[in-house]
Asks: 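Questions regarding the structure given below will be posed in turn.
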Amino acid sequence: MFSTLSRSRNALRKPFEQRLSRWIKKRQGKDSAPFTLRSKRLYILPTRVGITLAFVCFAMLLGAMNYNNSMGFALTFMVAATGLISMHRCHQNLAGITVVRVHSTSVFAGETAQLDLTLHNPSASPRFDVVGKLNRHTSASIDIPPDTSRAVRLNMPTQTRGVLRIERIGLQTTFPLMLLHTWAWLYMDCEILVWPKPADNAPPLPSTASNEAGENGTGGDDEFAGLREYQPGDSPRKIAWKAYARSDTMMSRHFSGSNASRAWIDDAALSNVDTETALGIMARWVLDAASSGDDYGLRVGGSEIAPGRGSAHRNRCLDALARVPTAVSSHA
């Protein structure tokens, strides 16, 4: 019975929340960092504790009037004054906070995505018990000292790969006495890329490497061409350790024909499996190719990423896999 009532209540509340969200978004417009939370965009309502205290205060007032008790009046007015001061302090605890930026990192499907909201307190008063909210997930509360920035970290579990679009983020507080709830909605249109989960038992990376230098007769890695600045992903065996000891600058040995090992991760090689399985295998191939230190490129969904190496190139390839529409076949 209680579960049925709960479902009915949620079914009635959801359309109301959606309409309220659309009205707030229309009233405020889209936000772009940095921006400051002004008083006109803050909302405040009593909590259950605050509503209970209001009824208690009203009952105390009736008792004091019935018995004409001056001490009862004094206690009632003191409790009411405490509530009014709490309302002012709760509202001021969020007013004036500057949202500096919103930062997110990509994760693999099944991992927990993190969204960091950097807040700055420009005032001379500290801010206490500030909490972030993303859908039904809330962050740990933070305190922001005067003229200091702090980050609110929101965690959100992921299940499937793709683009996780986040249109609304909440900031709220119940400081100081949990009698009132002040909150603000931020409409920033940010996104989190959820990479495909790498396949556990993926087939070996197809041998698509081509020895371009050998085909051109240049001699491949046997011909030393000089030193260049070290790039993340360069093989440790190509690092010029002696030059590093002399100058404290990381350099890599460059050979003519070093284009010899350029692998292509191509979705055409997985035309016999479904899209999501193919993307999981390709994610595993990207990780394996990145760990090898060789150049590799990606062809998926009709797009192409030129061969490269390093963590930035790896993330770019994984981002491309995450953005493949569900309707696109694995051999498109």
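Just so you know, these numbers come straight off a predicted model, no measurement behind them.
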Asks: Can you tell me if T158 uses its side chain to pair, donor with acceptor, with the backbone of E111 under 3.5 Å?
Replies: yes
Asks: Report the C-alpha distance between M65 and F73 in whole Å, list the side-chain angles of each, state the deciding distance to 0.1 Å, and finish with yes or no for side chain to side chain contact (heavy atoms under 4.5 Å, CB included).
Replies: CA-CA 8 Å; M65 293 174 61; F73 281 115; 3.7 Å; yes
Asks: To the nearest 0.5 Å, what is the distance between CD1 on I305 and CG on L298?
Replies: 5.0 Å
Asks: Between T148 and R150, which heavy-atom pair has the shortest distance, and what is it?
Replies: CG2-NH1, 2.9 Å
Asks: May I ask you to check whether T98 and H120 show a side-chain donor-acceptor distance below 3.5 Å?
Replies: no
Asks: For residues 174-188, which side-chain N or O atoms pair as donor and acceptor with protein atoms under 3.5 Å away, sequence neighbours left out?
Replies:
residue	atom	partner	partner atom	Å
H181	NE2	Q172	OE1	3.3
Y187	OH	S21	O	3.1
Y187	OH	S21	OG	3.2

Asks: Do D31 and R41 make a side-chain contact, defined as non-hydrogen atoms from C-beta onward lying under 4.5 Å apart?
Replies: yes
Asks: Identify whether F35 and V130 are in the same connected component of the hydrophobic contact network (ILVMFWY, side-chain heavy atoms under 4.5 Å).
Replies: yes
Asks: Rounded to the nearest 0.5 Å, what separates atom CG in L164 from atom CG in L193?
Replies: 9.5 Å
Asks: Mark yes or no for whether R127, through its side chain, and A95, through its backbone, hold a donor-acceptor pair below 3.5 Å.
Replies: yes
Asks: Should I51 and L62 be counted in the same cluster of Ile, Leu, Val, Met, Phe, Trp and Tyr side chains packed under 4.5 Å apart?
Replies: no
Asks: Can you tell which of H103, R153, R101 makes a side chain to side chain donor-acceptor pair (under 3.5 Å) with D116?
Replies: R153
Asks: Any idea which heavy atoms bring A306 and W264 closest together, and the distance?
Replies: CA-CH2, 4.3 Å
Asks: Treating T277 as the side-chain partner and V273 as the backbone partner, does any N or O pair qualify as donor plus acceptor under 3.5 Å?
Replies: no
Asks: What are the two closest non-hydrogen atoms of S104 and L115, and how far apart are they?
Replies: CB-CD1, 3.6 Å
Asks: At what distance, to the nearest 0.5 angstrom, does OH of Y296 lie from CZ of R309?
Replies: 10.0 Å
Asks: Please tell me whether L321 and L270 are part of a single hydrophobic cluster in this structure, the criterion being side-chain heavy atoms less than 4.5 Å apart.
Replies: yes
Asks: In Å and rounded to the nearest 0.5 Å, what is the CG to CE distance from L154 to M156?
Replies: 10.0 Å
Asks: Are there more than 12 heavy atoms of other residues, nucleotides or ligands under 6.0 Å from atom CZ of F58?
Replies: no
Asks: Using atom types as modelled, flag every donor-acceptor pair under 3.5 Å from a side chain in residues 75-82 to any protein atom, sequence neighbours excluded.
Replies:
residue	atom	partner	partner atom	Å
T76	OG1	G72	O	2.8
T82	OG1	M78	O	2.9

Asks: Heavy atoms only: give me the nearest A124-P146 pair and the separation to one decimal.
Replies: O-CG, 3.4 Å
Asks: Between side-chain atoms of residues 281-291 and protein atoms elsewhere (two or more places apart, or another chain), which donor-acceptor pairs fall under 3.5 Å?
Replies:
residue	atom	partner	partner atom	Å
R284	NE	A199	O	3.1
W285	NE1	P203	O	2.7
S291	OG	L287	O	3.3
S291	OG	D288	O	2.7

Asks: What about L279 and V107, same hydrophobic cluster or not, with Ile/Leu/Val/Met/Phe/Trp/Tyr joined at side-chain heavy-atom distances under 4.5 Å?
Replies: no
Asks: Enter the distance from S39:OG to I44:CD1 here, rounded to the nearest 0.5 Å.
Replies: 10.5 Å
Asks: What are the two closest non-hydrogen atoms of D295 and P307, and how far apart are they?
Replies: CB-CB, 4.3 Å
Asks: Give the C-alpha distance, both sets of side-chain angles, the deciding distance and a yes or no for side chain to side chain contact (heavy atoms under 4.5 Å, CB included) between V324 and V300.
Replies: CA-CA 8 Å; V324 173; V300 62; 3.7 Å; yes
Asks: I'd like to check the salt bridge (charged side-chain N to carboxylate O under 4.0 Å, His left out) partners of R27; sequence neighbours left out, ordered by chain and number.
Replies: none
Asks: Report the distance from atom CD1 of I166 to atom CD1 of I192, rounding to the nearest 0.5 Å.
Replies: 3.5 Å
Asks: Answer yes if L134 and V100 sit in the same cluster of Ile, Leu, Val, Met, Phe, Trp and Tyr residues linked by side chain heavy atoms under 4.5 Å apart, and no otherwise.
Replies: no
Asks: Between D143 and D129, is there a donor-acceptor pair closer than 3.5 Å when you use the side chain of the first and the backbone of the second?
Replies: yes
Asks: Are the side chain of R161 and the backbone N or O of A322 linked by a donor-acceptor pair below 3.5 Å?
Replies: yes
Asks: Look at the side chain of D266 and the backbone N and O of A268, then say whether any donor-acceptor pair between them is shorter than 3.5 Å.
Replies: yes
Asks: Considering only residues two or more places apart or on different chains, which pairs with a residue in residues 188-204 satisfy side chain to side chain donor-acceptor pair (under 3.5 Å)?
Replies: K30-D189, R165-E191, E191-R323, W195-D319
Asks: Tell me the closest heavy-atom pair linking S141 and V131, and the distance in Å.
Replies: CB-CG2, 3.6 Å
Asks: Quick check: are there more than 12 heavy atoms from other residues, nucleotides or ligands sitting under 6.0 Å from CD of E167?
Replies: no
Asks: List, one per line, each side-chain donor-acceptor pair under 3.5 Å for residues 87-94, sequence neighbours excluded.
Replies:
residue	atom	partner	partner atom	Å
N93	OD1	F128	N	3.1
N93	ND2	F128	O	2.6
N93	ND2	T173	OG1	3.0

Asks: Okay, side chain of N121, backbone of I144: is any donor-acceptor separation there less than 3.5 Å?
Replies: yes
